[in-house]
Amino acid sequence: MRHSPQHYSKPAKKLNAVAEIQIHDKVFVSFISKEKINARLAELAAQINADYAGKNPIVIGILNGSFIFAADIFRLLTIEAEISFIKLASYKGTSSTGNVVTAIGLEETLKGRHVIIVEDIIDTGKTLHSFLPELHNRQAASVKIATFLSKPEALKYEVKADYCAFEIENKFVVGYGLDYDGLGRNIPELYVLK
Ligand code: XMP
Ligand code: MG
């Protein structure tokens, strides 16, 4: 039986207090609070502001998962900066499919630009590993990676995040833009599979 979003579609205030939620057939428990996320994002943004002052970087969010993180971190940038989005990967179920698909092309000229790729999570690293050569082909002046999460134990491809909000153990997570079969992206904080 598929469970409806009612399980978590409560007012945000109440939601933050919910210790467990059910999405489809699985139960997830509270993992990283909105307060912790906000505090960590402020630290990352301060670093990016310092590193990119005067460089007008282009932030490129990888859809769909990064849209919340990208919006939140971008809002905290006080420097001159641009943002764009690209869709690369389709991901189903609770393990990485390894299928990388370019669905939305990148229109901006990247030649000579300082690029900051924004991901929701680096799992095996396959997604970014397949995309980075394209950025170099487009002659970006520099390429750095900002990710909300990384799972160091799951990493199989050589990818190094320059800015990482949280390193987590190899468990499936939802919320803050990340989904389980389409649901859970609108949960304001991070939950982990029970
Ligand atoms: P790779 O293996 O290419 O995977 O680094 C990156 C993509 O895999 C998805 N992913 C997850 N999605 N909870 C999710 O909702 C997770 O725990 C998880 N682990 C990997 C995600 O789409 C990411 O962009
Ligand atoms: Mg993703």
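Both ligands and their constituent atoms are indexed starting at 1 by order of listing. Atoms considered below: every heavy atom in the structure, side chains included; atoms not considered: hydrogens, waters and symmetry mates.
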Quick one: pull up CD1 in I83 and CD in E108 and give me the separation to the nearest 0.5 Å.
10.5 Å
Gap between atom CD of E119 and atom OG1 of T127 - 0.5 Å precision
6.0 Å
Validation: residues 154-173 side-chain donor-acceptor distances under 3.5 Å, sequence neighbours left out:
residue: D162; atom: OD2; partner: I145; partner atom: N; Å: 2.8
residue: Y163; atom: OH; partner: D51; partner atom: OD2; Å: 2.6

Does I32 share a hydrophobic cluster with V29, counting links as ILVMFWY side-chain heavy atoms below 4.5 Å and allowing steps through other members?
yes
Can you list the ligand 1 atoms lying under 4.0 Å from a non-hydrogen atom of T127?
1 (P), 3 (O), 4 (O), 6 (C)
E189 and S33: side-chain donor and acceptor closer than 3.5 Å?
no
With heavy-atom distances below 4.0 Å as the criterion, list the atoms of ligand 1 near K126.
1 (P), 3 (O), 5 (O)
Can you run down the side-chain hydrogen bond (donor to acceptor under 3.5 Å, both in side chains) pairs that involve residues 69-83, sequence neighbours left out, and say none if there aren't any?
N49-T78, N56-E82, D72-R75, D72-Y176, E82-R113
Is ligand 1 under 4.0 Å from a heavy atom in the side chain of L128, in the backbone, in both, or in neither?
neither
With a 4.5 Å heavy-atom cut-off, do R185 and L178 have their side chains touching?
no
Hey, which atoms in ligand 1 end up nearer than 4.0 Å to a heavy atom of G125?
1 (P), 2 (O), 5 (O)
Can you confirm, on distance only, whether ligand 1 has an N/O atom lying under 3.5 Å from any N/O atom belonging to V174?
no
Does even one non-hydrogen atom of G65 get within less than 4.0 Å of ligand 1?
no
Could you tell me whether some N/O pair between Y180 and ligand 1 is separated by less than 3.5 angstrom?
no
I'd like to know if K151 contacts ligand 1, where contact means a heavy-atom distance under 4.0 Å to any ligand atom.
yes
I122 to ligand 1: N or O pair under 3.5 Å?
no
